Every structure is written in C-alpha cells, then in structure tokens.
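Below, chain A is the first sequence line, B the second, and so on; all start at residue 1. For clarity, every value in this text was computed on a predicted model and none was experimentally measured.
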2 protein chains.
Amino acid sequence: MTTTPARSLGRMAGLFRALADETRLGILVRLRDGEQCVCDLADALDAGQSRLSFHLKTLKDAGLLRDRRQGRWVYYALDREAVAEALDALEALGGSARGFRLAAARRGD
Amino acid sequence: MTTTPARSLGRMAGLFRALADETRLGILVRLRDGEQCVCDLADALDAGQSRLSFHLKTLKDAGLLRDRRQGRWVYYALDREAVAEALDALEALGGSARGFRLAAARRGD
DNA sequence: AGCATACATCAAGACTTTTTGATATGTCAA
DNA sequence: TTGACATATCAAAAAGTCTTGATGTATGCT
C-alpha cells in the first residue's frame with residue numbers, strides 16, 4: 001500500500017473523463033441494480049441510438065462497463081472494480097473526506 | 001437519504017470533468033497534505049505559468065479548491081467537502097464496490 | 001433467401017477544452 | 001514612484017469531444 005494515490009494519474013484522468021458527462025452518469029445510474037440491454041437504456045434515457053452507442057462505448061473503453069451479447073440484444077453491466085478504482089483515488093485525495101462529510105451532516109449543514 | 005445517487009447529475013458531471021485531467025490530478029495530489037502557493041506548484045508540476053493558472057481556476061470553479069492571497073503569493077488548498085461529494089456519488093454507483101475491491105485485494109489480484 | 005430488429009461504426013459539423021504567448025493586475029521593496 | 005515579482009486574464013490556434021444522420025453488421029423470423 002503506497003501513499004501515492006494512483007498508479008497512474010493518466011489512467012485515473014481517463015476514468016474521470018468517462019464519468020464527466022451527464023448522459024453517461026445516467027447510464028451508470030440505470031445499471032446500478034444490474035445489467036440492461038441497450039434497448040432498455042434507450043427507452044429510459046432519452047438518447048438517440050447512435051448517441052447512446054457512443055456513450056456506452058466511451059464507458060466501456062474506460063473499463064467502467066462490460067458488455068455481453070445475447071441473441072439480438074447486447075447487455076451492459078457496471079464494472080464495479082473500475083468504480084472502486086476511482087473511489088480509491090478520490091479517497092487517497094480526500095484523506096478524511098468522508099469523516100469530514102459525516103461530521104457536516106451531523107452538524108446539519 | 002435518497003436511493004438516487006446524485007442530487008444533480010449535471011453537478012456531478014462537472015466535478016468529474018474537473019478531475020478528468022492529469023495535470024489537475026497532479027495539483028490535487030500536491031495539495032493532499034496542505035495548501036501550497038502557486039509558485040511551489042509551478043516548481044513541482046512541470047507546467048507553464050498561464051497553463052497552471054488555467055487549471056487552478058478550473059479546479060476552483062468546480063469547487064475543488066479554495067484560494068487565499070497572502071502578500072504577493074496565492075495559496076491554494078483542497079476543498080475536502082467537494083471531494084467527498086464526488087466520493088458519495090461514486091459510492092452510490094458502486095454499491096458494494098469497496099467491499100468488492102477489498103475482497104479482490106485479499107484474493108491477491 | 002429475404003426482411004426486420006438491435007446495435008455499432010463512420011463522417012462531418014458544432015461545440016468545448018487546452019495550450020501558448022502577450023498583456024494586465026496587485027503587491028512589495030528600494 | 002519605479003521596478004520587480006507573483007499571479008491572472010485574454011485572444012488565437014490546436015486539439016479534443018459530442019451530436020447527427022447514414023450506412024454497416026449480426027441475429028433471428030418467416
């Protein structure tokens with residue numbers, strides 16, 4: 001365990017770049033509770049087909065999503081390990097961030 | 001406490017966008033252990049003056065940094081609460097991500 | 001085989017971010 | 001008050017990202 005927050009800042013920057021878009025965050029939220037096929041995502045989020053495909057690819061390339069074809073459908077799922085990697089980087093930065101925040105919540109602000 | 005991960009995905013996307021750059025992550029790492037003046041950051045990171053200034057502003061606008069002038073120098077410091085906000089969003093997404101990751105570490109992968 | 005469905009990829013343009021060098025501002029010291 | 005230093009801001013070009021519509025590919029149905 002090192003005191004340096006990230007193996008490679010470049011890799012972390014890539015992860016955060018993938019997270020830096022509202023549509024993509026929306027996708028991740030939808031996938032919180034399990035995999036979904038593209039068609040379901042297309043219904044839920046209000047995104048055209050190629051736009052959605054683009055964002056799914058962006059997330060997948062960043063390692064945040066896995067996909068699996070089943071017949072005509074492609075199912076995407078969160079890769080929780082990648083999320084955890086980003087979490088670790090932030091925690092290394094934040095130091096006592098969570099304690100800080102919980103304290104703030106306790107204070108009521 | 002809601003089950004929805006973020007008050008506003010837009011705000012979260014903004015935070016992540018600020019984190020989505022290697023130079024800026026480098027700045028945040030440098031500030032982990034306390035505030036530093038721009039000149040120290042300029043020495044440490046290998047960034048030209050206006051470039052550094054630009055990234056500091058980007059981080060500040062996102063709420064991740066606070067600044068304070070003292071004489072000729074300007075000191076920047078992490079805003080741990082903003083880091084915590086990003087952390088919360090990720091945790092809401094990741095679900096059992098941390099447990100997952102710790103388990104992976106225990107397994108040795 | 002032929003067609004429909006589900007999705008990916010591509011190409012062009014719009015838009016945003018980043019970098020660079022030049023100039024502006026605020027502060028101190030002589 | 002002038003000059004030097006630390007930093008910010010600006011403007012233009014370069015690079016990157018996102019959206020859109022068109023086309024491509026895989027699969028299953030008939």
Side-chain angles (χ1 to χ4, degrees), chain A residues 9-31 34-79 86, chain B residues 9-31 34-79 86:
Chain A
L9 292 186
R11 164 150 183 67
M12 286 306 134
L15 269 179
F16 289 126
R17 199 178 342 275
L19 294 167
D21 178 278
E22 202 169 344
T23 299
R24 290 196 291 270
L25 288 179
I27 291 171
L28 296 177
V29 168
R30 289 274 157 195
L31 295 177
E35 64 175 13
Q36 294 210 344
C37 68
V38 178
C39 49
D40 290 342
L41 291 168
D43 284 351
L45 311 160
D46 165 34
Q49 191 267 312
S50 85
R51 190 160 95 88
L52 181 53
S53 209
F54 167 78
H55 288 296
L56 287 169
K57 176 169 170 38
T58 301
L59 287 167
K60 184 186 166 189
D61 288 350
L64 283 158
L65 253 43
R66 297 247 186 74
D67 64 342
R68 159 178 94 78
R69 165 154 238 145
Q70 180 168 287
R72 286 199 259 188
W73 297 277
V74 175
Y75 288 84
Y76 280 87
L78 254 183
D79 185 323
Chain B
L9 292 186
R11 164 150 182 68
M12 286 305 134
L15 269 178
F16 290 128
R17 200 181 337 279
L19 293 167
D21 178 279
E22 201 168 345
T23 300
R24 291 197 289 269
L25 288 179
I27 292 171
L28 296 178
V29 168
R30 290 272 158 197
L31 295 177
E35 64 175 13
Q36 294 210 345
C37 68
V38 178
C39 49
D40 290 342
L41 291 169
D43 284 352
L45 311 160
D46 165 32
Q49 192 267 313
S50 86
R51 189 160 96 86
L52 182 52
S53 208
F54 167 78
H55 287 296
L56 287 168
K57 177 168 169 42
T58 301
L59 286 166
K60 184 185 165 190
D61 288 349
L64 283 159
L65 253 44
R66 296 250 185 73
D67 64 342
R68 157 179 95 78
R69 165 154 239 146
Q70 181 168 286
R72 285 199 260 190
W73 297 277
V74 175
Y75 288 83
Y76 279 87
L78 255 183
D79 185 322

K.L.:
So do Trp73(A) and Val38(A) actually touch side chain to side chain, heavy atoms under 4.5 Å?
P.N.:
no

K.L.:
Roughly how many Å is it from CD in Glu22(B) to C1' in dT19(C), rounded to a whole number?
P.N.:
15 Å

K.L.:
Which side chain to side chain donor-acceptor pair (under 3.5 Å) pairs, counting each pair once, include a residue from residues 14-28 of chain B, with sequence neighbours left out?
P.N.:
Thr23(B)-Arg51(B), Arg24(B)-His55(B)

K.L.:
Rounded to the nearest Å, what distance is computed from the CZ atom of residue Phe54(B) to the P atom of nucleotide dA6(D)?
P.N.:
23 Å

K.L.:
Please check if atom CG in Asp46(A) has more than 12 non-hydrogen atoms from other residues, nucleotides or ligands closer than 6.0 Å.
P.N.:
no

K.L.:
Looking at dT16(C), I'd like to know if its phosphate oxygens (OP1 or OP2) sit under 4.0 Å from a side-chain N or O belonging to Arg17(B).
P.N.:
no

K.L.:
Consider the side chain of Asp21(A), meaning its heavy atoms from C-beta on, and name the nucleotide among dC18(D), dT17(D), dC7(C) that approaches it most closely.
P.N.:
dC18(D)

K.L.:
Using whole Å, report how far CG of Leu56(B) lies from P of dA8(D).
P.N.:
7 Å

K.L.:
Let me spell it out: for each of Tyr75(A) and Arg24(B), pick the nucleotide of DNA chain C with the closest heavy atom. Which residue's pick is nearer the 5' end?
P.N.:
Tyr75(A)

K.L.:
Can you measure from OH (Tyr75(A)) to CG (Leu65(A)) and round to the nearest 0.5 angstrom?
P.N.:
15.0 Å

K.L.:
What is the distance, to the nearest angstrom, from the CG atom on Leu59(A) to the P atom on dT17(D)?
P.N.:
14 Å

K.L.:
To the nearest Å, give me how far apart CG (Asp61(B)) and C1' (dA8(D)) are.
P.N.:
12 Å

K.L.:
Give me the distances for all protein-to-nucleotides 27-30 of chain D N/O pairs that come in under 3.5 Å?
P.N.:
none

K.L.:
I want to check one thing: is the phosphate of dT17(D), taken as OP1 and OP2, less than 4.0 Å away from some side-chain N or O of His55(A)?
P.N.:
no

K.L.:
Give the rounded distance in Å between these two atoms: CG of Leu52(A) and P of dT17(D).
P.N.:
19 Å

K.L.:
Does dA6(C) have OP1 or OP2 sitting under 4.0 Å from an N or O in the side chain of Tyr76(A)?
P.N.:
no

K.L.:
Quick check against the 3.5 Å criterion: does Thr58(B) have a side-chain atom that pairs as donor or acceptor with the backbone of Phe54(B)?
P.N.:
yes

K.L.:
How many Å lie between CD on Gln36(B) and C1' on dA6(D), as a whole number?
P.N.:
16 Å

K.L.:
To the nearest 0.5 angstrom, please state how far the SG atom of Cys37(A) sits from the CZ atom of Arg68(A).
P.N.:
10.0 Å

K.L.:
In this structure, how many angstroms lie between the C1' atom of dT16(C) and the CZ atom of Phe16(B), rounded?
P.N.:
20 Å

K.L.:
When you measure only distances, ignoring hydrogens and angles, does the side chain of Gln49(A) come within 3.5 Å of the base of dA8(C) through a donor and an acceptor?
P.N.:
yes

K.L.:
Hey, could you give me the CG/CD1 distance between Leu56(B) and Ile27(B), rounded to the nearest 0.5 Å?
P.N.:
4.5 Å

K.L.:
Using only side-chain N and O atoms of Arg51(B), determine if any of them is under 4.0 Å from OP1 or OP2 of dT18(C).
P.N.:
no

